Amino acid sequence: MKISKETVLYVADLARLNLSDEESERLSDEMGRILGYMEKLNSLDTSNVKAMEHVEPVSNILREDIVEESFDRDLILSNAPDEQDGAFRVPRVVE
Amino acid sequence: MDYEIVIGLEIHVELSTKSKMFCGCTTEFGGDINTHCCPVCTSMPGTLPVMNKKAVEYAAKAGLAMNCSIANYSKMDRKNYFYPDLPKAYQISQFDLPICKRGYVDIETEGISKRIGITRIHMEEDAGKLLHDQWGKGTLVDYNRCGVPLIEIVSEPDMRSPQEAKDFAEKVRSILQYVGVSDCKMQEGSLRADVNLSVRPTGSSVLGTRTEMKNLNSFRSILRAAESEAKRQIDLIESGGIVVQETRRWDDDAGKSYSMRSKEEAHDYRYFPEPDLVPIELSDSIIEEYKKSLPEMPWDRFRRYTEELGIPGYDASLITVSVKTADFFDRAVESGADPKTASNWIMGDLMKLMKEIDTEEIPFDGSGLSELIALIEKGIISNNIGKTVFEEMFRTGKAAGDIVREKGLEIVSDESALEEIVEKVIDENPKSVADFLAGKEKAVGFIMGQVMKETKGKANPQMINGIIRKKLEALKNM
């Protein structure tokens, strides 16, 4: 299966990645081979197989609606590359 | 050419759980920036979300109240996009297996009822808030709201006028408030609507190209944005242009919408099942249990008020719009007030005050009104004083009896006290007395008014009327 360079660049764009020509060539080939491998599944008749939404056969892992103490703000911001007035600061976003 | 407007709404509503959807941080509105946060809702690596049981219950109940079928099996998905309001770079939402599907809401527009289809209701988490700092160096982010549980209600494109869109949004809000799954406080952004709108020549069955206006946070702006967008699209088509599918931003102050992206980037959210959360299974019996626990809905109350309590349909429809006025009415009747009398107070004085002060909160319950009505009926205060007392109750939350006592508002029925006042007024108004003696009946009314003024409206009107006549007749025979 062949993944076109356009598709690679489109996916890279969605993931905010800048790829060099060489990288996108290589990825076009690698992604093609990965999808080719998955292609095998299409040779099977899965019309009677239920979609697997989750790996574990469990459901309803829920918590009660109880408020717990939040973290100290300084601690929350301690991993932020940039902050201002108690807020995370990120590059300007234009609406 | 005549055009038909086609509108569908997506309404986002914050659920009134106490804690966030996937962590124990509070959902309380306000609070200092980033003080309702923990590693889960700020997306620290290695953290895992755990679903809030109440959020699932509330979402299912909202669906049941809007006549949806509730999924026995649903799951959460990741909606991927980069925007700093979501620190994970994806939003946990629902894609192909939402918790509620295929419902409807009945609305009434200008006296005509209409059924609006609900395509689906799904659960998702709210995003943080971006604060644009005025110096332009960057964007500041507050994650207090991030992770608050939301439901998104998606309607069918069943509305045919901006007014219908507004009526639908109001009805949805009313229903959710009745069920008690959301306070729907517009000013706190807990209900926001996206308006999808297209136009087509009347009679056509093909949908035109639609645009979407996001994040409208008042009913008025839904109405205005839809009116303005319909006009823009019609004008565009009439002048030979073509409507482009796009997202537009509504500027409520300017009364105009603007295209949000010049080059529309196709949305590709690459949804996939959220691997950190397991599916949600709701058995028929639990769904039935939720259904049974739904409170009496506005249409049921309307029926009870009109059929059992004999309230006119117009009154009943206004009282049932908000669960707060309906509860107030029920409580008043329960505690002994005559239904029609209680309804008159609610339709008149209460709604006027709520509108004047621009609030939806009533600081006392219906039993307060029934106490006030009893004071009037027992002749302890006059109807007019009653209105003043009611306003005082509304503004201070004090009980009717206390206000009457504190301010000495009881009707004066002490005959000798009233006689004294009448005599004083008669002495001070010789001209009116002369008028009466000359046969002018009107003079009695004037004297009566003066006595009322002296007693600040507290005199028993029948008694003073009798006393005035007695005194005047006596003068006549002198």
Side-chain angles (χ1 to χ4, degrees), chain A residues 3-4 6-19 27 31 34-35 38 41 46 49-95, chain B residues 17-20 22-28 32-39 41-42 44 50-57 73 75 77 80-85 87 89 96-97 128 130-133 136-144 249 260 268 270 273-275 277-282:
Chain A
I3 296 297
S4 71
E6 286 72 43
T7 306
V8 171
L9 290 176
Y10 173 70
V11 174
D13 187 47
L14 286 175
R16 303 290 187 269
L17 294 173
N18 280 320
L19 299 180
L27 279 167
M31 284 166 72
I34 293 165
L35 287 175
M38 303 303 277
L41 289 173
T46 56
V49 180
K50 201 175 162 289
M52 186 180 76
E53 273 89 20
H54 203 268
V55 185
E56 302 291 333
V58 286
S59 62
N60 296 352
I61 306 292
L62 303 165
R63 44 173 275 274
E64 296 298 325
D65 182 25
I66 293 167
V67 175
E68 284 156 42
E69 211 176 316
S70 293
F71 272 48
D72 191 75
R73 181 163 74 192
D74 293 338
L75 204 55
I76 283 295
L77 289 169
S78 61
N79 285 311
D82 196 6
E83 60 173 287
Q84 184 187 321
D85 307 327
F88 291 85
R89 189 159 77 175
V90 299
R92 190 169 177 75
V93 177
V94 185
E95 281 256 318
Chain B
T17 57
K18 295 185 180 72
S19 65
K20 289 187 179 180
F22 304 118
C23 63
C25 289
T26 178
T27 56
E28 206 178 304
D32 264 359
I33 296 174
N34 291 313
T35 52
H36 300 169
C37 299
C38 74
C41 55
T42 50
M44 295 298 166
V50 186
M51 187 84 173
N52 186 333
K53 197 173 173 182
K54 209 76 188 171
V56 176
E57 180 187 326
Y73 183 94
K75 67 167 167 79
D77 297 279
N80 300 279
Y81 65 91
F82 288 103
Y83 203 61
D85 62 356
D96 56 334
L97 297 174
L130 301 186
L131 314 156
H132 296 278
D133 100 82
K137 277 178 269 175
T139 294
L140 304 182
V141 199
D142 173 13
Y143 288 123
N144 279 354
R249 186 172 61 81
M260 273 174 75
D268 189 343
R270 293 150 296 146
E274 167 58 83
L277 289 163
V278 298
I280 296 145
E281 291 192 76
L282 297 174

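Chain letters run A, B, ... following the sequence lines, proteins first, then strands; residues in each count from 1. Just so we're clear, the structure is a prediction, and the values are computed from it rather than from any experiment.
- For B/C41, no part lies under 4.5 angstrom from a heavy atom of chain A.
- Listed options A/E68, A/H54, A/R63, A/E83 were ranked by heavy-atom pairs under 4.5 angstrom with chain B; first place goes to A/R63.
- B/N52 is not listed as a side-chain neighbour of A/L62, based on a closest heavy-atom distance of 4.5 Å or more.
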- Message: For A/Y10 and B/D268: C-alpha separation, side-chain torsions, deciding distance, then whether side chain to side chain contact (heavy atoms under 4.5 Å, CB included) applies.
- Response: CA-CA 10 Å; A/Y10 173 70; B/D268 189 343; 2.7 Å; yes
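- The backbone N or O of A/G86 lies less than 3.5 Å from a partner atom in the side chain of B/N34, making a donor-acceptor pair.
- Considering CG of B/L282 and CG of A/N60, their distance stands at 6.5 Å, rounded to 0.5 Å.
- Taken from CZ in A/F71 to OG1 in B/T35, the straight-line distance is 14.0 Å, to the nearest 0.5 Å.
- Heavy atoms of A/N79 lying under 4.5 Å from chain B belong exclusively to its side chain.
- If you measure heavy-atom distances from B/N80 to chain A, you find no contacts under 4.5 Å at all.
- Contacts of B/T42 with chain A are made by side-chain atoms alone, with heavy-atom separations under 4.5 Å and no backbone atom involved.
- Put simply, of B/A55, B/P275, B/C37, the one with the most heavy-atom pairs under 4.5 Å next to chain A is B/C37.
- Only the backbone of B/E274 comes within contact range of chain A, with heavy atoms under 4.5 Å apart.
- Between chain A and the residues B/G24, B/P84, B/C25, B/C38, the most heavy-atom pairs under 4.5 angstrom are made by B/G24.
- With a 4.5 angstrom heavy-atom cutoff, B/F22 touches chain A only via backbone atoms.
- A pairwise comparison of heavy atoms in A/S70 and B/T26 identifies OG-N, 4.3 Å as the closest pair.
- Note: A/E69 CD to B/H36 NE2 = 11.0 Å, rounded to the nearest 0.5 Å.
- Looking at every heavy atom in both residues, B/P279 comes nearest to A/V58 through CD-O, 3.4 Å.
- Partner of A/E64 under the side chain to side chain contact (heavy atoms under 4.5 Å, CB included) criterion, out of B/K53, B/K18, B/K54: B/K53 alone.
- Only the backbone of A/I66 comes within contact range of chain B, with heavy atoms under 4.5 Å apart.
- Contact annotation for B/P87: neither backbone nor side-chain heavy atoms come within less than 4.5 Å of a heavy atom of chain A.
- For B/L277, the part sitting under 4.5 Å from any heavy atom of chain A is the backbone (N, CA, C, O) and nothing else.
- Across all their heavy atoms, B/T139 and A/R92 have their closest contact at OG1-CA, 3.3 Å.
- Around the CD atom of B/E28, the shell of radius 6.0 Å holds no more than 12 heavy atoms that belong to other residues, nucleotides or ligands.
- For the atom pair B/T27 OG1 and A/D65 CG, the distance stands at 7.5 Å (nearest 0.5 Å).
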